[in-house]
Novice: 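Below is a structure I'd like to ask you about.
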Amino acid sequence: MSDSAPLELRAVARAFRTEAGELPVLRGADLTLAAGEIVALVAPSGTGKSTLLHLAGLLERPDSGEVFVGGKAAGTLNDDQRTAIRRTTIGFVYQFHHLLPEFTALENIALPQMAAGVARAAASERATTLLHAFGLQGREQHRPGKLSGGEQQRVAIARALANSPRVLLADEPTGNLDIGTADRVFSELLQAVRGQGVAAMIATHNPDLAARMDRVVTLREGRVIPA
């Protein structure tokens with residue numbers, strides 16, 4: 001393992017209990033993301049994509065194996081320590097934006113920064129910069145309900161990048177958008193991630209989007225392999 005790798009999953013396994021018995025989902029999956037690398041995760045539904053992302057993002061713990069963030073093993077960390085890493089080191093983008101409806105676009109991006117200890121003025125300044133980078137100048141004071149689907153997802157991506165994470169994890173980030181909007185939003189996502197040198201893993205069913213990334217992997221029999 002390279003200590004400089006922003007993210008490494010080493011032999012992670014995860015199973016779920018069902019009425020029919022234990023259902024293994026991941027069986028010793030290995031994956032390393034290099035700084036500035038964008039990896040596409042393309043696999044059929046039900047093969048463990050979301051589980052892999054949740055383990056990588058410290059939202060779940062593996063049954064065995066280890067997740068390293070910046071060379072540091074996360075398995076021995078308590079919940080508060082794992083939350084701190086998620087808050088400052090890992091950004092998340094989901095298919096549905098999950099913006100807070102009662103807050104403006106600017107506030108949705110500023111709040112995660114303030115939760116990480118950034119002063120309100122500095123958080124608002126970075127939020128404004130990110131909104132402009134995603135072509136949302138003039139939308140700073142709009143609440144999510146006043147934004148289009150593409151605009152909402154742009155805000156969600158900006159929010160994920162607000163704390164300058166080393167790792168970005170995205171689960172079908174454009175899957176809820178029409179083709180034209182998805183293409184534009186994805187282009188902006190790639191540009192922003194590459195511009196910040198973030199290591200990213202993006203799950204997608206779209207082979208055209210996957211082909212625009214640096215590397216494509218899939219899941220087979222609970223393991224990560226080249227697609």
Side-chain angles (χ1 to χ4, degrees), residues 6 35-40 53 57 59 83-84 86-206 208-214:
E37 181 184 33
I38 305 175
V39 174
L53 288 168
L59 294 171
T83 297
R86 286 198 302 271
R87 183 177 294 150
T88 60
T89 309
I90 302 172
F92 295 90
V93 184
Y94 299 99
Q95 179 174 348
F96 299 97
H97 52 79
H98 297 304
L99 298 176
L100 299 172
E102 66 272 28
F103 292 100
T104 66
L106 188 145
E107 290 168 338
N108 266 280
I109 301 169
L111 285 170
Q113 299 175 70
M114 293 166 62
V118 178
R120 180 185 293 271
S124 295
E125 182 177 353
R126 175 152 174 79
T128 300
T129 298
L130 285 166
L131 285 169
H132 288 196
F134 281 96
L136 292 171
Q137 52 267 47
R139 298 288 194 271
E140 294 90 345
Q141 300 306 316
H142 286 59
R143 288 185 170 83
K146 298 295 184 181
L147 300 173
S148 70
E151 288 172 336
Q152 291 175 29
Q153 197 64 320
R154 286 181 174 94
V155 174
I157 295 168
R159 178 182 60 186
L161 296 171
N163 284 328
S164 300
R166 294 189 65 189
V167 177
L168 181 79
L169 303 172
D171 194 356
E172 298 286 348
T174 60
N176 196 41
L177 305 175
D178 64 76
I179 293 174
T181 302
D183 183 72
R184 290 192 298 274
V185 170
F186 191 76
S187 294
E188 292 170 352
L189 170 60
L190 291 184
Q191 182 178 357
V193 168
R194 289 200 166 104
Q196 295 192 24
V198 179
M201 178 163 57
I202 301 175
T204 180
H205 285 296
N206 188 322
D208 294 330
L209 297 185
R212 296 166 63 183
M213 298 187 232
D214 301 320

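A quick note: this is a predicted structure, and the numbers were derived from the prediction, not measured.
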Novice: List the steps and the verdict of side-chain hydrogen bond (donor to acceptor under 3.5 Å, both in side chains) for Thr83 and Arg86.
Specialist: CA-CA 5 Å; Thr83 297; Arg86 286 198 302 271; 3.0 Å; yes
Novice: As a test of understanding, state which of Thr174, Leu168, Val93, Ile109 forms a side-chain contact (heavy atoms from CB on, under 4.5 Å) with Ile157.
Specialist: Val93
Novice: Indicate the atoms forming the closest heavy-atom contact of Leu169 with Leu53, along with that distance.
Specialist: CD1-O, 3.7 Å
Novice: Could you measure the distance from the CD1 atom of Ile90 to the CZ atom of Arg166? Nearest 0.5 Å is fine.
Specialist: 10.5 Å
Novice: Could you pull out the closest heavy-atom pair between Arg143 and Glu102, with the gap in Å?
Specialist: NE-O, 3.0 Å
Novice: Determine whether Gln191 and Phe134 make a side-chain contact, defined as any pair of heavy atoms from C-beta on separated by less than 4.5 Å.
Specialist: no
Novice: What distance do Gln141 atom CD and Leu131 atom CG have between them, rounded to the nearest 0.5 Å?
Specialist: 9.5 Å
Novice: Compare all side-chain heavy atoms of Val155 with those of Gln152 and state whether any distance is below 4.5 angstrom.
Specialist: no
Novice: Return the minimal non-hydrogen interatomic distance between Leu189 and Pro173, and the atom names on each side.
Specialist: CD2-CG, 4.2 Å
Novice: Taking atom CD1 of Ile202 and atom CG of Leu209, what is their separation to the nearest 0.5 Å?
Specialist: 9.0 Å
Novice: Apply ring-ring contact (aromatic ring centres under 6.0 Å, His included) to His132 and list each qualifying residue two or more places apart in sequence or on a separate chain.
Specialist: none
Novice: Show the nearest heavy-atom pair for residues Thr89 and Pro165, with the distance to one decimal.
Specialist: O-CB, 3.3 Å
Novice: Minimum heavy-atom separation for Pro144 to Phe103, with atom names?
Specialist: CD-O, 3.1 Å
Novice: Which value, rounded to the nearest 0.5 Å, describes the distance between Glu151 atom CD and Leu136 atom CG?
Specialist: 6.0 Å
Novice: Short question: side chain of Glu140, backbone of Leu106 - any donor-acceptor pair under 3.5 Å?
Specialist: no
Novice: Classify the angle between the aromatic ring planes of Tyr94 and Phe92 as parallel (below 30°), tilted (30 to 60°) or perpendicular (above 60°).
Specialist: parallel
Novice: So, does Glu172 use its side chain to make a donor-acceptor pair with the main chain of His205 at under 3.5 Å?
Specialist: yes
Novice: Taking the side chain as everything from C-beta on, heavy atoms only, tell me whether Val193 gets closer than 4.5 Å to Met213.
Specialist: no
Novice: Between Arg154 (side chain only) and Val185 (backbone N and O only), is there a donor and an acceptor less than 3.5 Å apart?
Specialist: no
Novice: Would you say the side chain of Leu99 lies within less than 4.5 Å of the side chain of Arg159, judging by non-hydrogen atoms?
Specialist: yes
Novice: Nearest heavy-atom pair of Asp183 and Arg212: which atoms, and what distance?
Specialist: OD1-NH1, 2.9 Å
Novice: Is a side-chain N or O of Asn163 found less than 3.5 angstrom from the main chain of Arg87, in a donor-acceptor match?
Specialist: yes
Novice: Only distances under 3.5 Å count here; give the side-chain donor-acceptor pairs of residues 117-125 to other protein atoms, sequence neighbours excluded, each with its distance to 0.1 Å.
Specialist:
unit_1: Ser124; atom_1: OG; unit_2: Arg120; atom_2: O; d: 3.1

